[in-house]
Amino acid sequence: MSAGISKRSVVIAGHRTSVSLEDSFWAALREVAEARGQSVQALVGTIDAGRGGQNLSSAIRVFVLDAVRAGPLGKS
């Protein structure tokens with residue numbers, strides 16, 4: 001398992017921002033998005049809309065953890 005951190009650009013509500021996550025979180029986020037029939041971009045937008053004041057990278061990590069705990073890649 002790689003512990004490397006990758007920074008990627010995403011567009012949220014028309015604004016470009018960078019998100020830094022460990023490679024394993026990017027991979028899991030991609031799997032959750034695919035399981036839900038969404039793009040990673042769309043899923044990050046959904047996470048962003050519900051994060052309140054939480055840091056976006058942290059919100060994504062918590063979302064991925066919750067999705068994995070919920071079962072088959074967050075299909076609920």
Side-chain angles (χ1 to χ4, degrees):
M1 181 164 91
S2 174
I5 294 179
S6 298
K7 183 181 275 192
R8 304 212 179 138
S9 293
V10 294
V11 177
I12 301 170
H15 300 283
R16 182 173 291 277
T17 190
S18 294
V19 179
S20 296
L21 292 173
E22 293 78 6
D23 294 336
S24 55
F25 277 100
W26 281 118
L29 183 65
R30 189 170 36 257
E31 290 175 22
V32 172
E34 288 174 6
R36 292 177 174 210
Q38 291 183 289
S39 67
V40 170
Q41 187 93 7
L43 185 54
V44 170
T46 300
I47 295 166
D48 179 63
R51 71 182 169 110
Q54 187 178 21
N55 172 281
L56 181 57
S57 294
S58 295
I60 292 170
R61 286 183 189 97
V62 170
F63 175 87
V64 167
L65 179 61
D66 288 345
V68 168
R69 285 180 173 170
L73 295 174
K75 284 185 181 178
S76 47

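Because the structure is predicted, anything quoted here is derived from the model rather than measured.
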Exercise. In terms of hydrophobic clustering (I, L, V, M, F, W, Y; side-chain heavy atoms under 4.5 Å; direct or indirect links), are V68 and L43 co-clustered?
Worked result: yes
Quick one: pull up [atom1] in [X] and [atom2] in [Y] and give me the separation to the nearest 0.5 Å.
{"X": "L29", "Y": "Q38", "atom1": "CG", "atom2": "CD", "answer": "9.5 Å"}
{"X": "I47", "Y": "S57", "atom1": "CD1", "atom2": "OG", "answer": "10.5 Å"}
{"X": "E22", "Y": "I60", "atom1": "CD", "atom2": "CD1", "answer": "11.0 Å"}
{"X": "N55", "Y": "R61", "atom1": "CG", "atom2": "CZ", "answer": "7.5 Å"}

Exercise. Do the non-hydrogen side-chain atoms of T46 and F63 ever get within less than 4.5 Å of each other?
Worked result: no
Exercise. Heavy-atom distance under 4.5 Å between the side chains of V40 and V10, does that happen here?
Worked result: no
Contacts of type side chain to side chain contact (heavy atoms under 4.5 Å, CB included), residue [X], not counting sequence neighbours:
{"X": "S6", "value": "R8, D23, W26"}
{"X": "R69", "value": "L65"}
{"X": "A27", "value": "R30"}

Problem set entry | Summary of salt bridge (charged side-chain N to carboxylate O under 4.0 Å, His left out) pairs that have at least one residue in residues 37-54, sequence neighbours excluded | D48-R51
Problem set entry | Heavy-atom pair of closest approach, residues A67 and V32 | CB-CG2, 3.9 Å
For this session: Please assess I12 against L56 for the test side-chain contact (heavy atoms from CB on, under 4.5 Å), listing each intermediate value before the final yes or no.
Result: CA-CA 11 Å; I12 301 170; L56 181 57; 3.6 Å; yes
